[in-house]
Enquirer: 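What follows is a structure written as structure tokens; I'll ask about it next.
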Amino acid sequence: MPGKLWRSDSLRKGAGVTLVVASLIYAGWIVADLTVRDLWVSLPFLLANAFLIALLFVTVYDNWHRLPLAVAAPPDLAEPYVAVLVPTYNEPPAMVRRTLESVLTQRWGHDRLVVVVGDDGHRPAVRAMVEDLRRRFPAVPLHHHLPPRRHTPERRGDAKDGNLNSMLDFVVRAYPEIEFVETRDADDLVGDPDFLRHTVGHLVRHPDIAYVQTVKDAHVSPGDPFGNRRRFFYRGIMLSRAAAGAAFPCGSGLVWRRSGLATIGGFPTWNLVEDLYSGYLALQHGLRGAYLPIDGAVGQVAPEDLPNVYKQLGTWAMDTMRIFFWRSPLTTRGLSFRQRLQFLEVGLFYLSSVPTLVLILTPASCLLFDVRMFSSHVVAHIAYSALYVMLLAAYMYVLGNGTSWREVVRAKQMWVGLMFVYISACLRALYYGPHRKPAYRVTRKDRRAALYLKEVAPHLVLLLLLAAAVVRHLLSLPGSPAHRLDLGSVFWAVSYGTLLCAFIRRSWYGLGEPPPEPGAHAPDPAADVGETALKG
């Protein structure tokens with residue numbers, strides 16, 4: 001195993017160095033070969049490439065060091081008291097029941113566990129379900145907690161943050177001896193039955209660590225069409241974040257040291273959701289976080305219709321951009337240089353949706369207005385561009401730490417498709433400013449298949465623009481010199497058009513099919529690299 005990890009580490013670094021060198025050569029070719037006659041096209045193209053190459057350099061640096069994917073067996077320990085906070089609002093009671101049953105049947109002593117269900121909907125059905133579980137598991141203190149109503153003076157936080165803070169206050173009053181607090185979304189099952197043994201054991205062994213995050217997986221439809229399992233992030237990127245001391249909470253499958261929460265004043269209420277920003281605050285206070293690549297949370301459902309996908313990913317993007325614009329990692333005190341770059345990369349990732357749109361519009365503009373971006377032969381244009389794109393794809397594949405080529409391609413399709421969602425998130429973060437935020441809406445827990453043409457209207461406009469540009473250019477060629485064929489722009493127009501088509505197809509995903517039952521397509525642990533912990 002050490003040899004295998006060494007080779008993987010060397011491959012990632014070697015691919016990164018190769019890509020950096022290729023980026024410098026590619027950037028040099030662009031600067032040297034770009035025509036200056038039509039600056040209205042060439043200058044945005046140059047700036048867009050400069051931004052993306054700069055982001056790439058940050059990414060290579062941030063992923064230079066990485067923790068191993070394997071995890072040691074959980075330690076034998078005298079089990080301390082742990083409080084599990086489960087906030088719920090409009091999830092079906094049966095779904096919440098399955099989550100609680102997974103919490104109560106993991107390998108942890110019932111006499112060392114306190115479970116609190118924060119019922120923000122104040123629903124009798126949830127109360128009855130909790131009472132039934134209390135009869136089935138009499139050794140576990142199981143509480144049905146009613147947080148203060150929203151927009152009341154007693155409530156500290158508008159949405160999930162207010163629910164969590166109310167449950168935390170209850171635990172502090174009723175169980176002052178509790179040292180560790182787990183947060184678990186109401187629809188997330190416990191993945192690894194030794195989840196608490198791993199996470200709490202890590203906190204016990206490392207008293208300077210404030211929180212431990214684990215892998216969040218999900219039950220998805222075959223092929224995971226919307227990339228909800230996010231294996232590229234949890235099996236790859238998060239290991240680099242952890243190596244830099246910048247692993248951040250993801251809301252569920254997370255255990256806090258209660259003193260760490262006290263240091264940051266409980267669950268923060270500044271952002272739409274509390275998870276990312278709570279870790280950001282903890283690091284500023286000199287606390288440390290950790291990441292263990294075990295299955296800590298497995299979502300019973302995942303967003304698989306475009307409105308729900310847009311809602312979830314748009315919320316995450318806006319939260320990140322609020323931090324990026326108004327609590328910038330470049331100026332915030334308390335972060336190390338590597339931590340600053342890790343959080344900077346997250347914000348630049350979403351902001352890169354703007355130069356991506358520029359790069360899509362560039363070939364259409366060239367074909368529509370007979371503009372030539374480069375003075376070199378078209379074969380050189382395609383050769384440089386295609387080789388660079390292949391090197392970039394290869395690096396993304398290596399970063400995925402075992403993700404398939406299919407997942408890399410799907411990630412590119414989703415990135416192009418979500419471009420407008422991310423641009424909107426950036427603009428909304430600027431519009432609302434540091435002291436306002438939009439109302440938070442909980443992600444739906446069901447799939448509503450339909451033909452969502454409105455959601456892909458911008459994509460259809462872009463696709464038609466690219467197609468019209470190619471057709472117009474080809475129709476203008478008969479009787480013209482052969483050198484007028486702008487094969488480079490045609491190549492890029494077809495490439496981006498193909499990505500747009502792949503995303504547009506998702507606008508009617510599941511139409512005509514019965515909605516899946518929760519957990520109908522469970523994750524396949526055998527398909528994941530390093531999924532099984534090393535024993536001994």
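If you read the sequence from its start, that first residue is 1, and numbering goes on from there.
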Enquirer: Given side chains that start at C-beta, do those of M129 and V117 come closer than 4.5 Å, heavy atoms only?
Expert: no
Enquirer: How long is the gap from OG1 on T59 to CZ on F349, to the nearest 0.5 Å?
Expert: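 Spacing of OG1 (T59) from CZ (F349) equals 9.5 Å.
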Enquirer: Would you call R229-D224 a salt bridge at under 4.0 Å N-O?
Expert: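 Between D224 and R229 there is no salt bridge, as every charged N stays at least 4.0 Å from the carboxylate O atoms.
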Enquirer: Looking at the rings of H206 and H202, which for Trp means the six-membered one, are their centres under 6.0 Å apart?
Expert: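 Yes.
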Enquirer: Salt bridge check: are R98 and E101 linked by an N-O gap of less than 4.0 Å?
Expert: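 E101 and R98: not salt-bridged.
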Enquirer: Kindly indicate whether the side chain of V96, heavy atoms from C-beta on, has any atom under 4.5 Å from the side chain of L100.
Expert: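 With C-beta onward as the side chain, the pair touches.
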Enquirer: Give me the atom names and distance for the closest heavy-atom approach of A218 to A302.
Expert: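 The answer is CB-CB, 4.2 Å.
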Enquirer: What heavy-atom pair brings E304 and N228 nearest, and what distance separates the two atoms?
Expert: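 Minimum heavy-atom contact is CG-ND2, 3.9 Å.
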Enquirer: Would a distance-only check, ignoring hydrogens and angles, find a side-chain to backbone donor-acceptor pair under 3.5 Å from R258 to E177?
Expert: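 Absent.
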Enquirer: Which heavy atom in S507 sits nearest to a heavy atom in I504, and how many Å separate them?
Expert: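 That would be OG-O, 2.6 Å.
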Enquirer: Measure from the side-chain N and O atoms of K216 to the backbone N and O of C250, and report whether any donor-acceptor pair falls under 3.5 Å.
Expert: yes
Enquirer: Does N165 reach the main-chain N or O of D161 with its side chain, forming a donor-acceptor pair under 3.5 Å?
Expert: yes
Enquirer: The test is salt bridge (charged side-chain N to carboxylate O under 4.0 Å, His left out); show your working for E345 and R241 and say whether it passes.
Expert: CA-CA 11 Å; E345 182 193 0; R241 301 267 189 267; 3.1 Å; yes
Enquirer: Could you go step by step and tell me if R123 and T88 meet the side chain to side chain contact (heavy atoms under 4.5 Å, CB included) rule?
Expert: CA-CA 10 Å; R123 295 175 293 170; T88 179; 3.2 Å; yes
Enquirer: Determine whether L85 and E182 satisfy the following criterion, side chain to side chain contact (heavy atoms under 4.5 Å, CB included), listing intermediate values before the conclusion.
Expert: CA-CA 6 Å; L85 310 184; E182 176 198 344; over 6 Å; no
Enquirer: Can you list, pair by pair, the side-chain donor-acceptor contacts under 3.5 Å of residues 70-82, counting residues two or more places apart and other chains?
Expert:
from, atom 1, to, atom 2, distance (Å)
E79, OE1, G109, N, 2.8
E79, OE2, R197, NH1, 2.9

Enquirer: Tell me if a side-chain donor or acceptor on Q106 pairs with a main-chain N or O of V103 at a distance below 3.5 Å.
Expert: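 Yes; judged by distance alone, with no hydrogens or angles, the pair exists.
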Enquirer: Has the side chain of D192 got a donor or acceptor atom that lies under 3.5 Å from a matching backbone atom of I294?
Expert: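 Answer holds: no.
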Enquirer: Could you list the residues that satisfy side-chain hydrogen bond (donor to acceptor under 3.5 Å, both in side chains) with R150, not counting sequence neighbours?
Expert: none
Enquirer: Check the angle between the aromatic planes of W270 and Y277 and answer parallel, tilted or perpendicular using the 30° and 60° thresholds.
Expert: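 W270 vs Y277 ring planes: tilted.
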Enquirer: Please examine the side chains of P329 and Y280, heavy atoms only from C-beta on, and report whether any two atoms are closer than 4.5 Å.
Expert: yes
Enquirer: When the aromatic ring centroids of H143 and Y175 are compared, is their separation below 6.0 Å?
Expert: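 H143 vs Y175: aromatic centres under 6.0 Å.
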Enquirer: Using modelled atom types and a 3.5 Å cut-off, is there a donor and acceptor pairing between side-chain atoms of Q342 and backbone atoms of D62?
Expert: yes
Enquirer: Between CG of D217 and NE2 of H219, what distance do you get to the nearest 0.5 Å?
Expert: 7.5 Å
Enquirer: Assign the ring pair Y422 / W415 to parallel, tilted or perpendicular, where the plane angle (0 to 90°) is split at 30° and 60°.
Expert: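 If you compare the ring of Y422 with that of W415, the planes turn out tilted.
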Enquirer: Determine whether V181 and Y211 make a side-chain contact, defined as any pair of heavy atoms from C-beta on separated by less than 4.5 Å.
Expert: no
Enquirer: Could you walk me through whether M95 and K445 pass side chain to side chain contact (heavy atoms under 4.5 Å, CB included), step by step?
Expert: CA-CA 9 Å; M95 177 178 287; K445 305 306 176 185; 4.0 Å; yes
Enquirer: Of the non-hydrogen atoms in C501 and L463, which two are nearest, and what is the gap between them?
Expert: SG-CD2, 3.7 Å
Enquirer: Is V255 close to L203 at the side-chain level, that is, under 4.5 Å between some pair of heavy atoms?
Expert: yes
Enquirer: Could you tell me whether E274 and K160 make a salt bridge, using a distance below 4.0 angstrom between a side-chain N and a carboxylate O?
Expert: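 Between K160 and E274 there is a salt bridge, with a charged N closer than 4.0 Å to a carboxylate O.
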Enquirer: Once you round to the nearest 0.5 Å, how far does CZ of R135 lie from CG of D132?
Expert: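 Reported to 0.5 Å precision, the distance equals 5.0 Å.
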Enquirer: Does a sphere of radius 6.0 Å around CZ in R436 hold more than 12 heavy atoms from other residues, nucleotides or ligands, not counting ones at 6.0 Å or beyond?
Expert: yes
Enquirer: Spell out, as yes or no, whether a donor-acceptor pair under 3.5 Å connects the side chain of S102 to the backbone of L189.
Expert: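 Looks like no, no N/O pair under 3.5 Å.
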Enquirer: Please report the interatomic distance CG(L196) to CZ(R112), rounded to the nearest 0.5 Å.
Expert: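 These two atoms lie 13.0 Å from each other.
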Enquirer: Looking at F195, I'd like to know if the NZ or CZ of R184 sits under 6.0 Å from its six-membered ring centre while staying within 45 degrees of the ring's axis.
Expert: yes
Enquirer: Under a 3.5 Å threshold, yes or no: a donor from one side chain and an acceptor from the other, between R322 and N271?
Expert: yes
Enquirer: Main chain of G121, side chain of D119: is a donor-acceptor contact present, judged purely on distance under 3.5 Å?
Expert: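 Yes, D119 side chain to G121 backbone: donor-acceptor pair under 3.5 Å.
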Enquirer: Do T403 and R231 have a side chain donor and acceptor closer than 3.5 Å?
Expert: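 Absent: no donor and acceptor within the cut-off.
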Enquirer: Return the set of residues passing side-chain hydrogen bond (donor to acceptor under 3.5 Å, both in side chains) with T320 (not counting sequence neighbours), or none when no residue passes.
Expert: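 Here no residue qualifies.
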Enquirer: For the residue pair F343 and F248, categorise the inter-ring angle as parallel (less than 30°), tilted (30 to 60°) or perpendicular (more than 60°).
Expert: tilted
Enquirer: Look only at the side chain of T99 and the backbone of A186, and say whether a donor-acceptor pair between them is shorter than 3.5 Å.
Expert: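 Yes, the answer is positive, given that a donor and an acceptor are paired below the 3.5 Å cut-off.
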Enquirer: Of the non-hydrogen atoms in H122 and L146, which two are nearest, and what is the gap between them?
Expert: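 Residues H122 and L146, closest heavy atoms: CE1-CB, 3.7 Å.
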Enquirer: Any side-chain heavy atom of P141 within less than 4.5 Å of one from V115?
Expert: no
Enquirer: Rounded to the nearest 0.5 Å, what separates atom NE2 in H285 from atom CG in L281?
Expert: 6.5 Å
Enquirer: Spell out, as yes or no, whether a donor-acceptor pair under 3.5 Å connects the side chain of R127 to the backbone of H144.
Expert: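 The answer is no, because no donor-acceptor pair under 3.5 Å joins these two groups.
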Enquirer: So for atom NE2, which belongs to H151, do other residues, nucleotides or ligands contribute more than 12 heavy atoms lying within a distance under 6.0 Å?
Expert: no
Enquirer: To the nearest 0.5 Å, how far apart are CG in L276 and CD1 in I323?
Expert: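 So the CG of L276 and the CD1 of I323 are separated by 4.0 Å.
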Enquirer: Given D305, which of R444, R448, K311 fulfils the salt bridge (charged side-chain N to carboxylate O under 4.0 Å, His left out) condition?
Expert: R444
Enquirer: Go through it in stages, so that I can follow the logic: the residues are L348 and L344, the test is side chain to side chain contact (heavy atoms under 4.5 Å, CB included), and I'd like the CA-CA distance, side-chain angles, deciding distance and then a yes or no.
Expert: CA-CA 6 Å; L348 292 177; L344 181 68; 3.8 Å; yes
Enquirer: Taking C-beta and beyond as the side chain, do L357 and L462 meet within less than 4.5 Å on heavy atoms?
Expert: yes
Enquirer: When you compare the side chain of L335 with that of Q284, does any pair of heavy atoms fall below 4.5 Å?
Expert: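 In short, these two side chains touch, coming nearer than 4.5 Å.
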Enquirer: Determine the minimum heavy-atom distance between A290 and I209, stating which atoms define it.
Expert: CB-CD1, 3.8 Å
Enquirer: Any side-chain donor paired with an acceptor under 3.5 Å for T214 and H198?
Expert: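 Result is no, nothing qualifies.
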Enquirer: Between W256 and F267, what is the ring plane arrangement, given parallel below 30°, perpendicular above 60°, and tilted in between?
Expert: perpendicular
Enquirer: Does either side chain, that of T315 or that of R441, offer a donor lying less than 3.5 Å from an acceptor on the other one?
Expert: no
